[in-house]
Asker: 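Starting off with a structure, shown below.
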2 protein chains.
Amino acid sequence: MARAATTTDVFNAIAEPGRRQILDLLANGELSVNELVEQLGLAQPQVSKRLHVLREVGLVLVRDDGRQRYYRLNGRALKPIHDWIRRYEQMWNDRFDALDDLLEELHDQED
Amino acid sequence: MARAATTTDVFNAIAEPGRRQILDLLANGELSVNELVEQLGLAQPQVSKRLHVLREVGLVLVRDDGRQRYYRLNGRALKPIHDWIRRYEQMWNDRFDALDDLLEELHDQED
DNA sequence: TTGATATATTCCCATATCGGTATATAATAA
DNA sequence: TTATTATATACCGATATGGGAATATATCAA
């Protein structure tokens, strides 16, 4: 087991840029696999494989309509990541930036 | 090239739970490698390897003090992830939950 | 039925990853 | 100098990964 299985870990699922790109496209509404293939410019199996991963971690939901399969975003599955990263949010907000500026100023004055 | 190189991608860097754990520990202040080894209960090389990845993507900064090397968090490097995920934030907030409840209610009434 | 279309899955290959162990390097102590 | 401590890196082996191509499956059309 080289790392936590991609298929069971949302953090891993979004580690691949192509999978994030799919989520970004689905943010505008559901798309069929072929529509994704067109917009991504990838081969169909690559798209299906990425969708498979995203589905396994619950990031996308599926609706069948005849031969097409429509995928839609399930943004709620991103919440664990948001919750984790929110703990660090203060580190780049205005208050900390202001503190950094102040420290830098003091540092410059040392010369 | 199996995926985007871990060492140059913050999304990949936080995909591994052990690396996130290190960041969580460093959130309380800087720690030497040995202090991390103790708190993590891992072998020293595993810790150094994880720190190496975190350092390459700029998530940790280093300060040498004699034989010890102190690592500290650079939370700012997490901002790209925060920026990306913020676009989805609305999908699990109260307003959407309320909408979901409403839709579910309407759906129930269909029977 | 046969054929076309939409999607998923399987297979192979090159490479990346992780864990473990051993070793290298650098700083300090004796 | 030699020994010890702190950390980094190299190596090895098992497994995971992603790309590409081929194939399976399911649905619809003729």
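These numbers come from the heavy atoms of this one structure, side chains and all, not from hydrogens, waters or symmetry mates. So you know, we letter chains A, B, ... as the sequences are listed, proteins then strands, and number each from 1.
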Asker: List in chain and number order the residues that pass side chain to side chain donor-acceptor pair (under 3.5 Å) with A/Asp65, two or more places apart in sequence or in another chain; answer none if no residue qualifies.
Answerer: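 Applying side chain to side chain donor-acceptor pair (under 3.5 Å) to A/Asp65 gives none.
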
Asker: Under the salt bridge (charged side-chain N to carboxylate O under 4.0 Å, His left out) test, which residues partner A/Arg87, sequence neighbours left out?
Answerer: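 Partners of A/Arg87 under the salt bridge (charged side-chain N to carboxylate O under 4.0 Å, His left out) test: B/Asp24.
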
Asker: Mind checking side chain to side chain donor-acceptor pair (under 3.5 Å) for A/Arg20 and listing every partner two or more places apart, or none if nothing turns up?
Answerer: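 Expected list: none.
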
Asker: Kindly state whether the ring of A/Trp92 and the ring of A/Tyr88 have centres lying under 6.0 angstrom apart.
Answerer: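 No, the ring of A/Trp92 stays outside the 6.0 Å limit from the ring of A/Tyr88, centre to centre.
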
Asker: In this structure, how many angstroms lie between the P atom of C/dA16 and the CG atom of A/Asn12, rounded?
Answerer: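 After rounding, the gap between these two atoms is 17 Å.
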
Asker: Atom CZ of B/Arg55 to atom P of D/dA8: distance rounded to whole Å?
Answerer: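 Whole-Å distance recorded here is 6 Å.
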
Asker: What is the distance from CG of B/Leu31 to P of D/dA6, rounded to the nearest Å?
Answerer: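 Checked: the CG to P distance equals 15 Å.
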
Asker: Output all residues satisfying ring pair (Phe, Tyr, Trp, His ring centres under 6.0 Å) with B/Tyr70, sequence neighbours left out; order by chain, then residue number.
Answerer: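 None.
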
Asker: Give me each pair satisfying salt bridge (Lys or Arg N to Asp or Glu O under 4.0 Å) with a member in residues 40-55 of chain A, each pair once, sequence neighbours excluded.
Answerer: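 Qualifying pairs, neighbours excluded: A/Glu16-A/Arg50.
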
Asker: Consider the side chain of A/His52, meaning its heavy atoms from C-beta on, and name the nucleotide among C/dG19, D/dT7, C/dT9 that approaches it most closely.
Answerer: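 It is C/dT9.
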
Asker: Look at the side-chain N and O atoms of B/Asn34 and state whether any lies under 4.0 Å from the OP1 or OP2 oxygen of D/dT5.
Answerer: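 Answer is no, no contact under 4.0 Å.
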
Asker: Please list, chain by chain and in numerical order, all residues satisfying side chain to side chain donor-acceptor pair (under 3.5 Å) with B/Glu30, sequence neighbours excluded.
Answerer: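 Expected list: B/Arg63.
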
Asker: Calculate the interatomic distance between B/Glu38 atom CD and D/dT5 atom P; express it in whole Å.
Answerer: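 After rounding, the gap between these two atoms is 14 Å.
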
Asker: Figure out the CD/P separation between B/Glu30 and D/dA6, and round it to whole Å.
Answerer: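 In whole Å, D/dA6 P and B/Glu30 CD are 16 Å from each other.
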
Asker: Tell me whether the rings of B/His82 and A/His82 are parallel (<30°), tilted (30 to 60°) or perpendicular (>60°).
Answerer: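 Taking A/His82 first and then B/His82, their aromatic rings lie parallel (interplane angle under 30°).
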
Asker: Under a 4.0 Å heavy-atom cut-off, which of residues 68-75 of chain B touch DNA chain D?
Answerer: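 Only B/Gln68, B/Arg69, B/Tyr71 qualify.
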
Asker: Can you tell me the distance, in whole Å, between the CD atom of B/Glu35 and the P atom of D/dT5?
Answerer: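 The distance from CD of B/Glu35 to P of D/dT5 comes to 17 Å, rounded to the nearest Å.
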
Asker: Can you list every side chain to side chain donor-acceptor pair (under 3.5 Å) pair that touches residues 36-45 of chain B, not counting sequence neighbours?
Answerer: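 Found B/Gln44-B/Ser48.
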
Asker: Can you list everything that forms a side chain to side chain donor-acceptor pair (under 3.5 Å) with A/Asn34? Sequence neighbours excluded, please.
Answerer: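 Result, side chain to side chain donor-acceptor pair (under 3.5 Å) vs A/Asn34: none returned.
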
Asker: Who are the side-chain contact (heavy atoms from CB on, under 4.5 Å) partners of B/Leu40, not counting sequence neighbours?
Answerer: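 Partners of B/Leu40 by the side-chain contact (heavy atoms from CB on, under 4.5 Å) criterion, ordered by chain and then number, come out as B/Gln21, B/Ile22, B/Leu25, B/Leu36, B/Leu42, B/Val47.
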
Asker: Rounded off to whole Å, could you give me the CD-to-P distance for the B/Glu16 and C/dA16 pair?
Answerer: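 Answer to the nearest Å: 18 Å.
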
Asker: Between atom CG in B/Asp64 and atom C1' in D/dA6, what is the gap in whole Å?
Answerer: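 Answer to the nearest Å: 11 Å.
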
Asker: I'd like a list of close polar pairs between nucleotides 26-30 of chain C and the protein, N/O only, cut-off under 3.5 Å.
Answerer:
none

Asker: Might you list the N or O atoms of the protein lying below 3.5 Å from N or O atoms in nucleotides 20-24 of chain C, with each pair's distance?
Answerer:
from   : atom 1 : to      : atom 2 : distance (Å)
C/dG20 : N7     : B/Gln46 : NE2    : 2.9
C/dG20 : O6     : B/Lys49 : NZ     : 2.5

